[in-house]
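Chain A is the first sequence line, chain B the second, and so forth, proteins listed ahead of strands; every chain is numbered from 1.
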Amino acid sequence: MDRSQGRSGGIASGSSVEAATFTGNRALQIEEPLIFEMGQPGRTGVDLPEPPKVKDRLNGLRRGGEIGLPGLSEPQVVQHYTRLSQKNYAIDMGVYPLGSCTMKHNPRINEKVARFAGIGDLHPLQPVSTVQGALELIDCLAHWLKTLTGMPAVAMSPAAGAHGEMCGMMAIAAALESRGERARRKTVLAPESAHGTNPATAAALGFTVKPIPANESGRVDLGALKAALGPDVAAIMLTNPNTCGLFESEIIEISKAVHAAGAYFYCDGANFNAIVGRVRPGDLGVDCMHINLHKTFSTPHGGGGPGAGPVVLSAALAPYAPYPWIVQDGDKWRIAEDGAAVDGQPLGRLKAFHGQMGMFTRALAYIMSHGADGLKQVAEDAVLSANYVMAALKDTMTPAFDGPCMHEALFDDTFLKDTGVSTLDFAKAMIDEGYHPMTMYFPLVVHGAMLIEPTESQAKEDLDQFIGALKSLAERAKSGTAAEAFKAAPLYAPRRRLDETLAARKPILRWRPSNNPPSVDPMKQAAE
Amino acid sequence: MDRSQGRSGGIASGSSVEAATFTGNRALQIEEPLIFEMGQPGRTGVDLPEPPKVKDRLNGLRRGGEIGLPGLSEPQVVQHYTRLSQKNYAIDMGVYPLGSCTMKHNPRINEKVARFAGIGDLHPLQPVSTVQGALELIDCLAHWLKTLTGMPAVAMSPAAGAHGEMCGMMAIAAALESRGERARRKTVLAPESAHGTNPATAAALGFTVKPIPANESGRVDLGALKAALGPDVAAIMLTNPNTCGLFESEIIEISKAVHAAGAYFYCDGANFNAIVGRVRPGDLGVDCMHINLHKTFSTPHGGGGPGAGPVVLSAALAPYAPYPWIVQDGDKWRIAEDGAAVDGQPLGRLKAFHGQMGMFTRALAYIMSHGADGLKQVAEDAVLSANYVMAALKDTMTPAFDGPCMHEALFDDTFLKDTGVSTLDFAKAMIDEGYHPMTMYFPLVVHGAMLIEPTESQAKEDLDQFIGALKSLAERAKSGTAAEAFKAAPLYAPRRRLDETLAARKPILRWRPSNNPPSVDPMKQAAE
Amino acid sequence: MRYLPLTDADRRDMLGVIGVKSVDELFRDVPQSARLGGKIAGLPDHLGELEVERAFQAYAAKNVSSSVAPFFIGAGAYRHHVPATVDYMIQRGEFLTSYTPYQPEITQGTLQYLFEFQTQVTLLTGMEVANASMYDGSTGTSEAVLMANRVTRRSKALLSGGLNPQYRRIVETTAHWQGFKAVSGKPDAEGLEDLIAAVDKETSCVVVQNPSFFGHVRDFGKLAEACHAAGALLIVVVTEVVSLGLLKPPGEMGADIVVCEGQSIGNGLGFGGPYVGLFATRDKYMRQMPGRLVGETVDADGKRGFVLTLSTREQHIRREKATSNICTNAGLCALAFTVHLTLLGEAGFRRLAEINHTKAAQLADKVSALPGVKVLNDSFFNEFTISLGKPAAPVVEALAARRILGGVPASRLLPDDKSVENLLLLAATETATDEGMAALVAGLKEVL
Amino acid sequence: MRYLPLTDADRRDMLGVIGVKSVDELFRDVPQSARLGGKIAGLPDHLGELEVERAFQAYAAKNVSSSVAPFFIGAGAYRHHVPATVDYMIQRGEFLTSYTPYQPEITQGTLQYLFEFQTQVTLLTGMEVANASMYDGSTGTSEAVLMANRVTRRSKALLSGGLNPQYRRIVETTAHWQGFKAVSGKPDAEGLEDLIAAVDKETSCVVVQNPSFFGHVRDFGKLAEACHAAGALLIVVVTEVVSLGLLKPPGEMGADIVVCEGQSIGNGLGFGGPYVGLFATRDKYMRQMPGRLVGETVDADGKRGFVLTLSTREQHIRREKATSNICTNAGLCALAFTVHLTLLGEAGFRRLAEINHTKAAQLADKVSALPGVKVLNDSFFNEFTISLGKPAAPVVEALAARRILGGVPASRLLPDDKSVENLLLLAATETATDEGMAALVAGLKEVL
Ligand SMILES: Cc1ncc(COP(=O)(O)O)c(C=O)c1O
Ligand SMILES: Cc1ncc(COP(=O)(O)O)c(C=O)c1O
């Protein structure tokens, strides 16, 4: 029994205690051990035929000893991961308003087409003559992305947004290099509200990041920006709509000023979903922008990826696009790979093979399903829903800025002042109400930030219930008597609040027989 | 808001109350309204092109008015059924020891192959030349079933066990008819422990069911049986292993006596999983037996079907097998359908088309995966697990019979005597422990019966935890002080005990706007 | 063995606890003569998943997938597009691997969708109450006749010549072995049959199909009146449930029991099964219904919940007095049906029906232009009958040789009836394409 | 629109609550010049699910599925059988549609499987600590070099000629733009390369691959010693992770960082992505690792639970000082990996590796018997290199014309290197059949 430490080991006889269970389970909420605590030698979840004996070619390097992998049968594996899944919240369960992450509906048809034989099972190095349909598919998505953004070129290979940032900033470095100005232009301007990946990317490429201040309306202070622009500036990295959920109203003046100063405009496109089909970044003077297919185009977030981050490029940066890309010759498609004779000076390669094909397929299915008309409606419904939440909550909670927002509504924690309830406490209380909390403490420029992104996928009735719950929680918090209750939240989740300090102080990053986890005595819990 | 009555409507401000939520949700356990309470006119979960206008051929019978179907978008539909699914217990979640139902592991590969293009998408009336593989598949399964049972023929079309019983008993009636004895032989013998479908089937065919008593060891009383056998007896319906989980040790004497009396032996094969690969019913003198593919061969129970109930037939009954069946001519297969010239006198047809192909596919995949060696092991592990549970609990709970059992362990409620705890209470307490209860109050011959069928799919560690939990519950019950706690169970399930009397007294079998369901005031609940 | 968690060590330990030497001792009750030495002979041993997959790929390769050929087959099963969401939902383990909701506290998911399903069925059919499913439309039809016999305490059923011949055979089989009369009309290819005259005081029910097996669409209002006047019930069978999105529902025609084959919504062709039977009737006959019923109630906290109810009709309680012997029914197919119908909603379901009818009308116009081809139907939904002037079966085989799945020869289901030998049933759903129709027309031109 | 729950009525109500007349007012911050009149021109409108499915069927029909042709392609991505259970699990909405576990109380499912994944990676590689995944093996390799630069505070990486050429190009690209030296050895087709002499005091790391791009299997123990003596790190790259079931793990060779492409376990070929990068190192370098880390802790009730930890390495906390800019990684592919590996277990994983090696050995023996064909490898796992005596690319095209997917010409990844023009890489996994091998051999006979 002690092998299964995630489950209550000792079944104590607890006739004394009322509201506890012997197993530690709570009906459908079942405690789950680690696979390493479930394994048995000689047990397996596969049946593989015994191979014929042949002389091995292992150069004497045959692995000795135990690897240490646990042996589980298929039924146990199914039960293990099913029970684990039941400890997760997900888009499929309800409102998941995680700002900046765009947790919109993930259609199942996209999963289906991505698995078609002839699509899901192609090897990236099959002869090009045997993958013409795959290349056409990628080219079709590329066409959509270029047209929707109004940009002449796109690099498809980046694996996620951050990878796209790396790609785009490398292209800018390449352009500067060919202008002989790379050594001189070492500064990248970015607002303090920028996502962490922006400064991280710029710094990795040897740029120094200089913050540009925001004005009281939450946008870039144009005057300050102009003052900051000089011969040392390589680029500006700006998210638009920005991470406060606001459209940079002076963006055209910004891009003009940036270009006038000989610098480039990197636009972080994580929030493209707010304007897709309605506004073309190309019309705003953007030089490059990554598109998170797992946000705007709904490829599943999968518990933290995989994603895809194609980067659209202006004419100025297009020549530096990395390998590979798809080329159409008449009715045939080919791949421009490393060493291929091409015009332009590709900046190199960022990833093996041809990019996140599985995400391309899903994104294209999503795009085809919506069409130009539907995508425009997506942007409008996303913005409408965010403004609706903002309007409904503006008197109970405290909006960080006034005026309409785009796809996400940003609040600060002023309304919690002197209540003893923090943004974190408020978020944890939302969990008990059946919601995933909003993004907390981001962007950094707003105190105790709460960034709510409903997306276009929620019904009005569900938004109303969500709004009602937040109102009630805010009122309870303001009552001043509920700090304890908030600190205790969540009460009903698979786990109560977790000790993150302990985790960081003594990191346990892998199972070891010696870990011996805190014993779970259900009787003790009950007593509390 | 009042459209969504499954969710807490009014968000009351409840700063007063601690352990309640405003929404009525409990973190991942989310209250769910009916689709009819979620619908909006003009909303839909599909996009269908507008058809061209043509002159209709509806003979003036175009449907007018509203049908009344609710309009939901796809995201809502996904969330609705996902949340509903999370209110279910299932094999994939843990021990599901529902006696007589054989809740064994359902492999996902079976689901996959059943969906292959060329298998899952065939029309039953396609030209026979275009479905040769499908006919071969059915014939292959038929071969397995005949060989495993040692019987010469099988009727594949019955849709479930009960349907198979109807088929088998019709075959017996047909045999009697051709002997000119149908009018005379009107009695069917069946033990009181028989499953309800047995008497129901016999009665439907105009037979009178005469009970045969069991002996103290839980088997048919041979003497009493012999006494009951006479010229009026058409058949005996006997489950083996029987519904007490016991093998009918005198089964050969039984079949001899039955045949000697000119009657037939219908064997209810619902428990074939206990002996598959180890014992052939044909060697026991059985004339016909249905096989629940959804039990012995693990086609998914699906919340109550679909199933399949092929019936194997002895030489005496084979001539009466109903249409259709598969015939192999050289290297081609054809279907013997109604009107086809065949030898024998088919009793007619029981079902449209050719049977539950989707179940055939899954069952054959299960059978191939196990093979002759694995199926034998299946029976042995199922019997071993049941005896293990029986042995571990025999001193705490009260086994209904002694000696080893087969695939299920039967207990009566003697151990609960004078505790104020009933079999029902005990079962409900198991729910809180994270288990599906065993079969309760069946078979009827045992007082407060608890029929535990672990199947071969549970790991020993999981059986041990299950045993531990039952021991603890039994001890708690015997403490004599816990009746209240048991009556209150379950506490943690999506619902507490439901009022079945109310449901039967004023049946509400469909949603109507006027139903107006009991309003759920989470504040009130919390007060309790 | 990947599916068996017990290790040999476990087995030894467990035998020890039980107190026996070997598993054979647990089988001691098996008579000597029936004990097998080892494995059953003549059967292969277990296979890995890859090998199993290959075996089924080999079976599939010997069939013509309905997705790759121009397809016009119906006659009781119809090819429709099923949204991917449906297949995802029915594969969720919480639905797929749970059983009849005997323990309502932990099966509210199943119970609620069945309650919603029952409601949807009453709405589609225009009836008052529906059960939680039958095996399929064909078995549901004979259950309906048995129910009518119980209600009327009579034992003569009149079966329309427009009823699917296999359905008819099933009712006849049931009638023969369960002991009642089933009188069948001759196949009604022209759709001219009038059963009113045949209804008499012995008649327990009249069973009609709409659209009929040959595709004709009829109003049975008059027939209903005649039945009720004679104390008989009208049973209306619908094998293409999508038609209810466009056609006057049986409930409005005065039907007493409606049985539908629900396959078209949510369920693939699957070579004939499993499908799902819809069964609806009037409130006053509720207690005579076969099958499971889900009802609304409250729990100990006053929260709305659902349970199986009126079980006193059923075999597990009522045994020989049960209204039917049915136990396991079609739960998961009912889930597929209800998820798909919920996706469609009012607008989608009506639109789907409209498209089906339009496609069929287009096909009818195209084939009627062919020399020697006559469309028999003035009225139809998505299927109709044509006469070819020569036997239809060889024509269909000739089309199959060209990889066209060109309908069902009436003789396939009516082998003994020369009068229908030249008749071919053609169906067209939303999955029919212009190219497919053109291929059929061209194919027919060649082979006729 | 099936995906959009808001009705026009809803939209009107919501605009009312917001207090604006039209949604355009909400976009008032968009500069006039950038406002589009209506929809973006030149793009089609929305399609139904059936139409979308057909569009992708059309794409698929223009490709040769790896499942229908004899298949021997590897070179960094391998075709393996993935159990159906894996695909079911990764499609469960609770996993598929949730995101990075920022709220641990309601993402214990994701956190626990990542903790289990991290442990499995340490066991396979023989290392002490692993992260929760990188995008793939290729990007993980350049992250490893960057990490070595941080650890050693040096900036020269030596890249083996046995490293996958695309991996090499990626490191070179990173080196160029991030400003460090990457010195690459020439392609090592014979597997004779010795890098020990090249290691010096500027060297931050040596990057080798095992088995190498050309398939050779080597022990890098001596190289590790040389690296450590010079204060450099040894980075071992594994592109076929199944090999770790049979080969001495990098950890036992003294590797400091191990990067694997995890695709082979649980993840299909998918035309190159998404895949999953495994990243493992020594405890002492833990805080220099890129990517997410899951750690064990307890909750307020003292129950064991898991959280994201050591986030001070990451961009969202550390911004310009982060160890990497990675954010979204490969969560769901890591789930597929860990589910598949859990199914395999110790016995299954070793057996799988054994079968792969056996198939490749059989293939090597078969092709080496062909005139003009020379196998370059004395050692290999499931992939090896042959020389054809003529350019390999046209040979592969000729095989493709015969519907045989016969390996990767070295020139596909090394277009500028004449010396490898005649070389062909052949891989065989458990999915290779005798018939397939025979077809390849016959095909080669014809085209050589
Ligand atoms: C504003 C912003 N920029 C960049 C990123 C990074 O994108 P990814 O996670 O796809 O690497 C994100 C995503 O979290 C983001 O919200
Ligand atoms: C002993 C026995 N007989 C018959 C049946 C009826 O089988 P089915 O539910 O497949 O109709 C069952 C299933 O519950 C059973 O347990």
Where does [X] contact chain B at under 4.5 Å (heavy atoms): side chain, backbone, both or neither?
X: C:Leu96; result: both
X: C:Thr342; result: both
X: C:Leu341; result: side chain
X: C:Val294; result: backbone
X: C:Met14; result: both
X: C:Asn329; result: both
X: C:Ser98; result: both
X: C:Leu335; result: side chain
X: C:Ala61; result: neither
X: C:Phe349; result: side chain
X: C:Thr110; result: both
X: C:Tyr167; result: side chain
X: C:Ile317; result: neither
X: C:Gln57; result: both

Does any heavy atom of chain C fall under 4.5 Å from the side chain of [X], the backbone, both, or neither of them?
X: B:Lys460; value: both
X: B:Ile35; value: both
X: B:Asn292; value: neither
X: B:His80; value: side chain

Roughly how far apart are [X] [atom1] and [Y] [atom2], rounded to 0.5 Å?
X: C:Glu94; Y: B:Met93; atom1: CD; atom2: CE; result: 6.5 Å
X: B:Leu122; Y: C:Asn63; atom1: CG; atom2: CG; result: 4.5 Å
X: B:Glu111; Y: C:Gln91; atom1: CD; atom2: CD; result: 6.0 Å
X: C:Arg28; Y: B:Ser249; atom1: CZ; atom2: OG; result: 11.0 Å
X: C:Ser138; Y: B:Arg349; atom1: OG; atom2: CZ; result: 8.0 Å
X: B:His163; Y: C:Asp136; atom1: NE2; atom2: CG; result: 7.5 Å

Under a 3.5 Å threshold, yes or no: a donor from one side chain and an acceptor from the other, between [X] and [Y]?
X: C:Glu397; Y: B:Ser129; answer: yes
X: B:Asp121; Y: C:Ser67; answer: yes
X: C:Thr97; Y: B:Asn106; answer: no
X: B:Thr201; Y: C:Asn325; answer: yes

Report the C-alpha separation of C:Thr107 and B:Asn88 in whole Å, then their side-chain angles, then the decisive distance to 0.1 Å, and conclude whether the side-chain hydrogen bond (donor to acceptor under 3.5 Å, both in side chains) test is met.
CA-CA 4 Å; C:Thr107 47; B:Asn88 271 9; 5.3 Å; no
Should the heavy atoms of other residues, nucleotides or ligands under 6.0 Å from CG of C:Asp45 be counted, would the total exceed 12?
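Yes.
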For a quick test of reading the model, state the closest non-hydrogen atom pair linking [X] to [Y] and the distance between them.
X: C:Val307; Y: B:Leu498; result: CG1-CB, 3.6 Å
X: B:Thr130; Y: C:Ala400; result: CG2-CB, 3.9 Å
X: B:Trp511; Y: C:Thr119; result: N-OG1, 2.9 Å
X: C:Glu116; Y: B:Phe36; result: O-CZ, 3.7 Å
X: B:Ala365; Y: C:Phe56; result: N-CZ, 3.6 Å
X: B:Thr44; Y: C:Leu343; result: OG1-O, 3.5 Å

Check for me whether the distance between the ring centres of B:His123 and C:Phe271 falls short of 6.0 Å.
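That pair fails the under 6.0 Å test.
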Ring centre gap for C:Tyr3 and B:His370 strictly below 6.0 Å
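Close enough - the centres of the two rings lie under 6.0 Å apart.
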Set out, in order, the CA-CA distance, both residues' side-chain angles and the distance that settles side chain to side chain contact (heavy atoms under 4.5 Å, CB included) for B:Ile251 and C:Val30, then state yes or no.
CA-CA 9 Å; B:Ile251 188 151; C:Val30 177; over 6 Å; no
Salt bridge or not for [X] and [Y], using N-O below 4.0 Å?
X: B:Arg496; Y: C:Glu105; result: no
X: B:Asp381; Y: C:Arg11; result: yes
X: B:Arg62; Y: C:Glu354; result: yes
X: B:Glu337; Y: C:Arg412; result: yes

I want to check something: taking the side chain as every heavy atom from C-beta on, are [X] and [Y] in contact at a cut-off of under 4.5 Å?
X: B:Tyr89; Y: C:Gln103; result: no
X: C:Leu352; Y: B:Leu48; result: yes
X: C:Pro274; Y: B:Met359; result: yes
X: B:Glu456; Y: C:Leu6; result: no
X: C:Thr85; Y: B:Glu74; result: yes
X: C:Leu246; Y: B:Leu61; result: no

Six-ring centre of C:Phe27, B:Arg278 cation under 6.0 angstrom, axis tolerance 45°
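The answer is yes; both the distance and angle limits are met.
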Chain C: which of B:Leu125, B:Ile252, B:Val54 shares the most heavy-atom pairs with it under 4.5 Å?
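That would be B:Leu125.
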